[in-house]
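Only one structure is covered here, and it is reproduced in the block below.
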Amino acid sequence: MAIDNAKLESIEALRKAGIEPYPYSYHVTTHAKEIKDNFSEFEGKEVSIAGRAMQLRQMGGITFIDVQDRSGKIQSLIRNNDLDQKSLIVLANASIGDTLGVRGIVMKSKRGEMSVGARELTMLSKTLRTLPNKWQGLTDTEARYRSRHVDLMMNQEVLRTFEIRAKFMHHVRDILDSRGGIEVETPILQDLYGGASAKPFTTTYHTLDDKQMFLRISDELYLKRLIIGGAERVYEVSKDFRNEDADSVHNPEFTQIEYYEAYSDYETFMKMMEDMLSSFVLKTFGSLKIDYQGETIDFTPPFARMYWVDELKNISGIDVSSISDEDLKRINEAEKLGLKHPDRYHVADSLFDKYLKGKTLQPTFVLDFPTYMCPLTKAKRGNSMLAERFELYVAKMEVANSYSELTDPLYQRKMFEEQERERKKGDDEAPPFDEEFLSAIEYGMPPTAGIGISIDRPAMVFTNQTSIKEVILFPPMKSIPLDEDSSGKK
RNA sequence: GGGCCCGUAGCUCAGCUCGGUAGAGCAUCUGGCUUUUAACCAGGUGGUCGUGGGUUCGAUUCCCACUGGGCCCGCCA
């Protein structure tokens, strides 16, 4: 049903004429956009383009085919009189969705449309499927994600989205490289998970006696061991996995780049992030201001700095740096936070969301967190209730998280012991005790700044998307029973 | 985990309120047309109406359950 008999007949017809519908290669000389952008240079010259036939308008002895390559579309103008015998057979057996090669002369049609006047037509891949209609295309969200290949054909802006995402990733790499960072790869499959609070995915390694292993929730502790070893500056493009619900800004697997720099503190990274984002936006969009969902976001440095514990105290009268246990319940009720287990961490976090998150449309450093929110962070100089940590927000989304890393091994052990107690009390997000990391840090870790830079969320901002799924090529989907028609049978 | 909305042809949708086994446009097929671009003109093909159950003489339509998706809320980045 999904496969069109007429297309199978075309394959037969082509083969009968000695034309292979699935050949090996084709010499492409240029792309659609290049021709259109530099038309006067190309006009009258011969080119070879290749791409998918997206529209086909036939009128007797002349056919117009809109050929789409990765740069865009260009019309090919095909007069039967200009074609050799083979090309005529290809044309007779061509349909929308086929991948074609067109060799011809760059020209304009009578109506002025920039075109390739075909001299030779080559079948590069005969489609068996029918493309979505040319007006509405493919808009059903589920169909778009499940069939991203069709989505890309029909909605070329999707490809642009992923190009921008890729550019941002390269930009971050370039900057970290230029600082002397060594790109490393650490285990995704881990014995123990840590470096964050989250439920892990588990798996089994059969040859190690069916040992239980975890997909990493963070690569932090491994990167710190490299710092302890003397690498000084290391980063990793890290796909992390957290076994939690997805929503518009969370996906169970997501990408962040973590970077550690010895002898620096979190102030260093505020400057770095300002440079990184502003230079990217300027380079990519030609301006420091971009539109996001009808709002203008201005990346001109310096970014706003929100000392949020102070600001929260001013607005709500609550000082989260020192909440007593008795206050937690009272605040949860008075502020209508609706927390089932109002511990200090969640109360403070909820108060931030309630009062301050809405103020972080523009790039904003939210800085200095209560120490109890930061088990891997050094206390703030001059205020032992706070820790030297910032989160960078853009468009009300957290896009980076940075600490002056905790390097005191005895204090670190204490923080781990506390986490272990939370874990035993039933907090299934608290990571397990990691003696290996503790023994590493006991060798002595230099003063170090660390940062995790989200890739997904900045990509959303730069491409004006409100769902993280739009910047992830293949978002996870529940499985559906395979229908027999899609199995490739006639 | 809770609430709301949705699933009909390859795609985009109508029909359901008020039950009588389906309709449009595009795609596809046949014919016509040598400058179209949502080409046009004429004719045709194409659907176990998400799945299962119930009510009914009869269900795409009403009811229930399940399933897949979207949005919002709660939680992690």
Side-chain angles (χ1 to χ4, degrees), chain A residues 1-7 9-10 54-66 73-83 95-97 107-115 117 127-147 150-151 153-154 195-200 217-218 238 240-256 258 337-341 345-346 349-350 353 391-393 397-401 427-430 452-458 466-469 475 477-481 483 485-486:
Chain A
M1 214 64 68
I3 291 179
D4 193 335
N5 276 320
K7 293 184 167 70
E9 284 162 19
S10 287
M54 299 305 289
Q55 284 192 50
L56 192 151
R57 297 175 292 282
Q58 196 152 28
M59 46 211 60
I62 189 163
T63 306
F64 298 91
I65 297 180
D66 293 344
K73 277 183 227 175
I74 190 164
Q75 167 174 280
S76 71
L77 188 162
I78 303 158
R79 277 185 302 226
N80 290 3
N81 293 347
D82 294 338
L83 296 184
S95 58
I96 291 177
M107 58 177 292
K108 274 192 179 169
S109 70
K110 277 187 185 164
R111 291 278 177 93
E113 177 78 14
M114 291 181 265
S115 308
T127 184
L128 295 183
R129 297 270 180 165
T130 306
L131 256 44
N133 88 62
K134 63 195 168 207
W135 301 355
Q136 295 92 347
L138 187 70
T139 59
D140 181 80
T141 310
E142 181 178 0
R144 287 185 47 235
Y145 296 159
R146 287 192 195 275
S147 299
V150 182
D151 188 30
M153 290 169 213
M154 301 309 297
S197 294
K199 276 173 254 177
I217 60 172
S218 161
S238 182
D240 293 341
F241 304 85
R242 298 186 185 174
N243 206 339
E244 284 156 359
D245 283 352
D247 63 23
S248 62
V249 292
H250 295 89
N251 197 62
E253 64 178 287
F254 65 102
T255 307
Q256 60 175 331
E258 288 209 28
L337 301 179
L339 296 167
K340 274 171 254 161
H341 305 290
Y345 181 96
H346 286 100
D349 204 43
S350 297
D353 284 354
E391 289 182 346
L392 174 59
Y393 278 74
M397 292 185 285
E398 185 192 335
V399 301
N401 181 15
D427 181 352
D428 52 1
E429 286 181 2
I453 302 162
S454 166
I455 296 299
D456 309 285
R457 291 175 180 176
T466 56
S467 168
I468 197 168
K469 289 191 168 81
M477 298 292 240
K478 291 188 186 170
S479 48
I480 46 173
D483 89 67
D485 286 333
S486 65

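Naming convention: chains lettered A, B, ... in sequence-line order (proteins, then strands); numbering from 1 in each chain.
Rounded to the nearest Å, the gap between the P atom of rC18(B) and that of rC64(B) is 15 Å. Nucleotides rG31(B) and rG69(B), compared at atom C1', are 42 Å apart to the nearest Å. Between rG7(B) and rG15(B), the two P atoms lie 10 Å apart (nearest whole Å). Comparing the C1' positions of rG32(B) and rA14(B) gives a spacing of 32 Å, expressed to the nearest Å. Taking atom P in both rG53(B) and rA27(B), one finds a spacing of 39 Å when rounded to whole Å. When the C1' atom is compared between rU35(B) and rC40(B), the two are found 13 Å apart, to the nearest whole Å. Straight-line distance between the P atoms of rU34(B) and rU45(B): roughly 28 Å, to the nearest whole Å. Rounded to the nearest Å, the gap between the C1' atom of rC4(B) and that of rG46(B) is 35 Å.
If you check distances only, the side chain of D247(A) never reaches the base of rC72(B) with a donor-acceptor pair under 3.5 Å.
Within 4.0 Å (heavy atoms only), Y345(A) reaches sugar-phosphate atoms of the nucleic acid but no base atom. Using a 4.0 Å heavy-atom distance criterion, K469(A) is classed as a sugar-phosphate-only contact. Looking at heavy-atom distances under 4.0 Å, V150(A) makes no contact with the nucleic acid at all. Residue D349(A) is classed as a sugar-phosphate contact, given heavy-atom separations below 4.0 Å to backbone atoms only. Within the 4.0 angstrom heavy-atom criterion, only backbone atoms of the sugar-phosphate kind lie near G137(A); the bases stay farther away.
Looking at Q58(A), E113(A), R57(A), Q55(A) one by one, the single match for side-chain contact (heavy atoms from CB on, under 4.5 Å) with F64(A) turns out to be R57(A).
Residues D349(A) and H346(A) bring no donor and acceptor atom of their side chains to less than 3.5 Å of each other. Checking S454(A) against D456(A) by side-chain atom types alone, no donor-acceptor pair falls below 3.5 Å. No side-chain donor-acceptor contact under 3.5 Å links R111(A) and Q75(A).
Straight-line distance from the CD1 atom of I78(A) to the P atom of rU37(B): 16 Å, rounded to whole Å. The interatomic distance linking L337(A) (CG) with rG74(B) (C1') rounds to 12 Å, in whole Å. One interatomic measurement links the two molecules: NZ of K478(A) to C1' of rG7(B), which rounds to 15 Å at whole-angstrom precision. Rounded to an integer number of Å, the gap from Q136(A) CD to rC26(B) P is 11 Å. Here rG10(B) presents its P atom at 16 Å from CE of M154(A), a figure rounded to the nearest Å. Taking atom CD of E142(A) as the reference point, atom P of rU12(B) lies 11 Å away to the nearest angstrom. Rounded to whole Å, atom P of rG1(B) lies 11 Å from atom NZ of K199(A). Atom P of nucleotide rC26(B) and atom CG of N133(A) are separated by 9 Å, given to the nearest angstrom.
An OP1 or OP2 oxygen of rC76(B) is reached within less than 4.0 angstrom by a side-chain nitrogen or oxygen of H346(A). OP1 and OP2 of rU28(B) both lie 4.0 Å or more from every side-chain N or O belonging to T130(A).
Base pairing annotation: rG1(B) forms a Watson-Crick or G-U wobble pair with rC73(B), both donor-acceptor distances under 3.5 Å. When both pairing distances are held under 3.5 Å, rC26(B) makes a Watson-Crick or G-U pair with rG10(B). Judged by Watson-Crick or G-U wobble contacts below 3.5 Å, the nucleotide rA65(B) has rU51(B) as its partner. Figure legend. rC57(B) is base-paired to rG20(B); pairs are counted as Watson-Crick or G-U wobble with both atom distances under 3.5 Å.
With rounding to the nearest 0.5 Å, the separation of OG in S218(A) from CZ in R242(A) is 6.5 Å.
The shortest distance between side-chain heavy atoms of I78(A) and I65(A) falls below 4.5 Å. In this structure, D240(A) and F254(A) have side chains that are in contact, with non-hydrogen atoms separated by less than 4.5 Å.
Here Y145(A) pairs with E470(A) under the side-chain hydrogen bond (donor to acceptor under 3.5 Å, both in side chains) rule; sequence neighbours left out. Qualifying side chain to side chain contact (heavy atoms under 4.5 Å, CB included) partners for S248(A), counting only residues two or more places apart in sequence or in other chains: none.
Mapping P252(A) and M477(A) onto RNA chain B via the closest heavy atom, the residue that lands nearer the 5' end is M477(A). If Q55(A) and D140(A) are placed on RNA chain B by their nearest nucleotide, the residue sitting closer to the 5' end is D140(A).
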N/O contacts under 3.5 Å, protein versus nucleotides 29-36 of chain B?
{"residue": "rC33(B)", "atom": "N3", "partner": "G60(A)", "partner atom": "N", "Å": "3.3"}
{"residue": "rU34(B)", "atom": "OP2", "partner": "G61(A)", "partner atom": "N", "Å": "3.3"}
{"residue": "rU34(B)", "atom": "O4'", "partner": "M59(A)", "partner atom": "O", "Å": "3.4"}
{"residue": "rU34(B)", "atom": "N3", "partner": "N81(A)", "partner atom": "ND2", "Å": "3.4"}
{"residue": "rU34(B)", "atom": "O4", "partner": "N81(A)", "partner atom": "OD1", "Å": "2.5"}
{"residue": "rU34(B)", "atom": "O4", "partner": "N81(A)", "partner atom": "ND2", "Å": "2.6"}
{"residue": "rU35(B)", "atom": "O2", "partner": "K110(A)", "partner atom": "N", "Å": "2.8"}
{"residue": "rU35(B)", "atom": "O4", "partner": "R79(A)", "partner atom": "NH1", "Å": "2.6"}
{"residue": "rU36(B)", "atom": "OP2", "partner": "R111(A)", "partner atom": "NE", "Å": "2.3"}
{"residue": "rU36(B)", "atom": "OP2", "partner": "R111(A)", "partner atom": "NH1", "Å": "3.2"}
{"residue": "rU36(B)", "atom": "OP2", "partner": "R111(A)", "partner atom": "NH2", "Å": "2.5"}
{"residue": "rU36(B)", "atom": "O2'", "partner": "R57(A)", "partner atom": "NE", "Å": "3.4"}
{"residue": "rU36(B)", "atom": "O2", "partner": "R57(A)", "partner atom": "NE", "Å": "2.8"}
{"residue": "rU36(B)", "atom": "O2", "partner": "R57(A)", "partner atom": "NH2", "Å": "3.1"}
{"residue": "rU36(B)", "atom": "O2", "partner": "Q75(A)", "partner atom": "OE1", "Å": "3.1"}
{"residue": "rU36(B)", "atom": "N3", "partner": "Q75(A)", "partner atom": "OE1", "Å": "2.8"}
{"residue": "rU36(B)", "atom": "N3", "partner": "Q75(A)", "partner atom": "NE2", "Å": "3.0"}
{"residue": "rU36(B)", "atom": "O4", "partner": "Q75(A)", "partner atom": "NE2", "Å": "2.9"}
{"residue": "rU36(B)", "atom": "O4", "partner": "S109(A)", "partner atom": "OG", "Å": "2.2"}

